[in-house]
There are 2 protein chains.
Amino acid sequence: MRKEYEVLDDFLHSKGLRHTHQRKKIVDIFLSTEKHVSLDDLFKLVHKEDRTIGYTTVYRTMRLLTDCGLSNEIDFGDGVSRFEHKFGHEHHDHLVCMKCGRFIEVVKQKIEDLQGRLAKEHGFLPTAHRLHIFGICKRCQSRGASSKG
Amino acid sequence: MRKEYEVLDDFLHSKGLRHTHQRKKIVDIFLSTEKHVSLDDLFKLVHKEDRTIGYTTVYRTMRLLTDCGLSNEIDFGDGVSRFEHKFGHEHHDHLVCMKCGRFIEVVKQKIEDLQGRLAKEHGFLPTAHRLHIFGICKRCQSRGASSKG
DNA sequence: ATATAAATGAAAAGCATTTTCAATAAAAGA
DNA sequence: TCTTTTATTGAAAATGCTTTTCATTTATAT
């Protein structure tokens, strides 16, 4: 678990950007957080540890991480961007539960392959894709009607 | 091409809602518009024909159409909701060109099937899904670097 | 140490979406 | 047709997240 910092270092260096203790702390917390955090989530986590770090800095740091490829920005269509870091889990799709809001990460290689083929059939050169399947998760099904956790 | 109005009529009726000339005009324009319009797009189209219809009414009408299933709200992650009407083309995925912004509607039954299976494998009860493949379209590939249309 | 340019944080601005509210108008009944 | 009831409308304001501004601070190079 050192590579992630190197990636950021290289990126900062190559762009003439600087190391700051704020960035270090934000990155530490982000990388140690399992997964999909909104800016607000992350700001709260950071704020708990360091009251002097502002929302704006978290925002800018996340953009930095996204730009250098350490973070992935995801959008479930609820008007809030979420971020997930890219270590351990490479590409994956999401099963999003409409009841409890939780999501499961999944991959099915055959689907990946077919997507590539589908793109090719249309002369399309794919660079990325996003698949969200919405529904009700196992837990919420067995719990019947309501619930929120 | 009469069924779409019936759907709306039924919906309005079942909910005790009313027919208004504003709704009629907005629905007419929306249904005659081939495809993916933002609220702003649609408002402009409506405004051209009737200066008295406000943005809010367009907004509310589109929510109505989405609720009664005539319209599909789509989100390409650029912070703007778009709407497409559901006649002619049922469910489909999107190939989104990152260069010219155009999108192609596609379906591959095998992918659909595999998605269902994938969900099932996780005890997940799927209700909808969204697949966007991002990349460069045929046209933009052959045109080389720049371009916007 | 000093200079210089990036980074920070608070506050303000942007922007699409959503709500508020007084005025208007559709549907139903008299 | 006239009234009544209640949904609808449109302008403006509010929301909520994201992004920018700007004066100040601070990391690096000299």
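What you are looking at is a predicted structure, and each value in this text was computed from that prediction instead of being measured. In what follows, chains carry the letters A, B, and so on, assigned in the order in which the sequence lines appear, proteins first and then strands, with residues in each chain numbered from 1.
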Using heavy atoms to find the nearest nucleotide of DNA chain C for B/G79 and B/R60 separately, return the residue whose nucleotide is more 5′. B/G79
Along nucleotides 22-30 of chain C, 5' to 3', which nucleotides get a B, which get an S, and which get a -, given that the test is a protein heavy-atom distance under 4.0 Å? ---BBS---
OP1 or OP2 of C/dA16 versus the side-chain N and O atoms of B/R82: is any pair under 4.0 Å? no
Which hydrophobic side chains are connected to A/I104, either touching it within the sub-4.5 Å cutoff or through other members that do? A/L95, A/V106, A/I111, A/L114, A/L118, A/F124, A/L131, A/I133, B/L95, B/I104, B/V106, B/I111, B/L114, B/L118, B/F124, B/L131, B/I133
The first and last nucleotides of DNA chain D lying within contact of chain A, meaning any atom under 4.0 Å from one of its heavy atoms, run from D/dC17 to D/dT28
Hey, are A/K24 and A/D28 close enough for a salt bridge, meaning a charged N less than 4.0 Å from a carboxylate O? yes
Starting at atom CG of A/L65, determine the distance to atom P of C/dA7, rounded to an integer number of angstrom. 13 Å
Members sharing A/V107's hydrophobic cluster, built from side-chain contacts under 4.5 Å between Ile, Leu, Val, Met, Phe, Trp and Tyr, are none
Between B/H92 and B/E112, do the side chains contain a donor N or O and an acceptor N or O under 3.5 Å apart? no
Rounded to whole Å, the OH-C1' distance (A/Y59 to C/dA7) equals 15 Å
Tell me which residues in residues 43-58 of chain B lie within less than 4.0 Å of DNA chain C, going by non-hydrogen atoms. B/Y55, B/T56
Is the distance between the ring centroids of B/Y59 and B/F43 under 6.0 Å? no
Just to verify, which of A/E105, A/H36, A/R130 counts as forming a side chain to side chain donor-acceptor pair (under 3.5 Å) with A/H94? A/H36
What's the CG-P distance between B/L39 and C/dT19, to the nearest Å? 13 Å
For B/H129 and A/F134, I'd like to know if the aromatic rings sit close, meaning centre-to-centre distance below 6.0 Å. no
NE2 (B/H47) with more than 12 external heavy atoms under 6.0 Å: yes
Atom pair CE/CD of A/M62 and A/E73 - distance to nearest 0.5 Å: 8.5 Å
Between atom CG in B/L42 and atom C1' in C/dT17, what is the gap in whole Å? 15 Å
Are A/N72 and A/H91 close enough that a side-chain donor and a side-chain acceptor fall under 3.5 Å? no
Got a sec, which residues hit salt bridge (charged side-chain N to carboxylate O under 4.0 Å, His left out) with B/D40, two or more places apart in sequence or on another chain? B/K44
